[in-house]
Engineer: 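I have a structure I would like to understand better, so I am pasting it below and will then ask my questions one at a time.
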Amino acid sequence: MEFKYGGSETNQKTVLGHPSGLFVLFFTEMWERFSYYGMRALLVLFLTSSLLNEGWGWERADATILYGWYIGLVYLTPIIGGYIADKFLGFRNAVILGAFIMTLGHASMALEGTTHWFFYAGLTLLIIGNGLFKPNISSIVGQLYKTQGEEKDAGYTIFYMGINAGSFLGILLCGYLGEKIGWHYGFGLAGVFMFIGMVQFYLAQKIFGKIGLKPNTNKSIEETIEDDAEKLEDNVEELVEGVSKSRVISDRMIVIGIFALFTTFFWWAFEQAGGSMTIFAGDYTQRVLEGSSATAFKIINSVIVIIPLGIITYVLSLLFKKTFSKYSTANIVLASSFVIVWALVIWMLQNDYKTTSYAVAYSDVNNVEKVKEIRTSDPLTVGDVINVKVNNKYEFYNPADSLNLANTVKDGNLLNEDKNAIGYFFNAKITDLKEESAKGLFWKDNTYASLAFENQKNEVLKQKLALSRDTTFTAGSVVQLKLTQNLGYVAEASEDTVTAKVTEVKSSQVEVSASWFSVLNSLFIIVFASLFSKIWQSKYNPSGPVKFALGLILVGVGFAALAYGSSGIPEGAKTASVSMVWLVLAYLFHTLGELCVSPVGLSYVSKLAPVKFVGIMFGIWFIANFLAGVIGGWTASYIDPISEKYGLSTFFLIFTLIPAGAGVIMLLLNGKIKKMMHGIK
């Protein structure tokens, strides 16, 4: 009997007009993307968060460089992982092994508090596991369909929606848990869903029949690698010869090179989402909403979470009807993941709806009574005595700095030009200078100053601060310190808490997580993908170079919004409170740009390259993406030096002008590139 689709008899049963196996892959990929994007959303926030907030207290430059290398290597390892699966493991074994390695990676990162080596082991395992998983699950999707055409394209579109659903939920829940409860909880949750995705794929893999099985070969690993190295060398020589002899091949290879170059510019800017844009969200954006704004956010957040999750749950029920009798255990495992995710979503939304702001009175570090605001979902009344965690942040203070010229000091309180208290002022003596690594930053030594000073109660306090590279303090120097304090409500008393008394019940408030803004990319893709798809299928479908140009210009426009929004931030400022509208606009334009670029890249590589050389060209393409990630992280590391000298707006203008300029150049080259494509559309 001839089957319509590849795979087993069960795979011939359709869900939404597609083979059941597509949705096994859909949910496997969804939970893998949940784990990947959930961890990625937390990475820079965790590294730059202070030790008091259980982060590692890294400089922004170090954090963004590490992030860039991670993103870059995630693009690079699929080249190796695809080869290993194709020649040795088979697609299915590679997916399972990759998922297992990534599960170990997330578990290792959840244990970062034990030793920093767990953190680095976790990142390494995630990079390796991704290389085995990512290219090979996509290959299985392609083999489900026996014909090339619209049905196969639609299958990939559904699979792509699984990617976005996973990234949306992962950023939302891992980010919320990591920022609100503890970093290791966010890292750990990513691992839980990676494990569930792996198990359900393992239990249901027979639905794919013979698709993705281990290749039959009698050759040893050494012989296989040696033969393939010789073939690669021959192919490269043949490609070079073909380019030199054939004008068509030569022109098309040049076009691929142009696209690879310009895609580097696009992803260089786009991948700032997890680097400089995350820093902007965490430190420069007004994320505390109250009154009608808080209510509006809670309603919108509920709608954008519950409706997509409800639709995906409905798809799960359809899969159950077709496959439960044959793969009941896999279905039960998958159902358990939805029970967990629904419970977390309900808890998160309920927690936000119940959050209220309270004014509380407490004694500060100088034993002076202060009144500050806290937010909690626990119901409190005026007069309640509660425990609050006081996070003290000490930093060197230079009164001669242009940012501080309008400030004054009165009774130890540091006042701004509006006479509002912005911290506390101390003279401190450096008792010792010592070089050592920051937590986890084993490759780089910082100089730390041990300081001693007295508070208003004549108690000697001690503090250790890192010196910047250009600081020339010596032991015995008297320096000036600034202390700021943040309060956080905690249920139980500990050594770093003080008691406080509730003096006023204020408005309903919500603090938007810094990681929340990253979900906008997935949300906007879900909203606009079908619209763009219809445009590409209509008479208004532009050429590939024009799509690329539009993508580059749109990503530049997104950064223009950030540049304008940050124009009022003083040079050198480490914090600010600009409207979140600018970040929302940036993510909107970036996503529209991505939707323009997505149909161009790999699709045109496969069309333009001679069939024999497609693999080589894909390798070059992924190397371009690797470079974009690494260079993007390196560029983001200059956010502080550029901000201190020229302002944060200038930093974002760099990401405005370069991609937009590249887009204009691509538009100018459109006619020439179309001719060099020799009929490929």
Engineer: Going by the rule ring-ring contact (aromatic ring centres under 6.0 Å, His included), which residues pair with Phe559 if we only count those two or more places apart in sequence or in a different chain?
Structural biologist: His590, Phe655
Engineer: Would one find more than 12 heavy atoms of other residues, nucleotides or ligands at under 6.0 Å from atom NZ of Lys439?
Structural biologist: yes
Engineer: Check whether any side-chain heavy atom of Phe270 sits under 4.5 Å from a side-chain heavy atom of Pro659, and report yes or no.
Structural biologist: no
Engineer: Count the heavy atoms of every other residue, nucleotide or ligand shown that sit under 6.0 Å from OH of Tyr156, and state whether that count exceeds 12.
Structural biologist: yes
Engineer: Do we get Arg33 above Tyr36's six-membered ring, with its NZ or CZ under 6.0 Å from the centre and within 45° of the axis?
Structural biologist: yes
Engineer: Got a sec, which residues hit side chain to side chain donor-acceptor pair (under 3.5 Å) with Thr285, two or more places apart in sequence or on another chain?
Structural biologist: none
Engineer: Decide yes or no for Val44 and Ile279: does some side-chain heavy atom of the first lie under 4.5 Å from some side-chain heavy atom of the second?
Structural biologist: yes
Engineer: Heavy-atom count check: over 12 atoms from other residues, nucleotides or ligands less than 6.0 Å from Lys534 NZ?
Structural biologist: no
Engineer: Considering only residues two or more places apart or on different chains, which pairs with a residue in residues 556-571 satisfy side chain to side chain donor-acceptor pair (under 3.5 Å)?
Structural biologist: none
Engineer: Can a donor-acceptor pair be found between the side chains of Thr64 and Ser637 at a distance below 3.5 Å?
Structural biologist: no
Engineer: Are a donor atom and an acceptor atom from the side chains of Thr263 and Asn625 found within less than 3.5 Å of each other?
Structural biologist: no
Engineer: Any carboxylate oxygen within less than 4.0 angstrom of a Lys/Arg side-chain nitrogen, looking at Asp283 and Arg60?
Structural biologist: yes
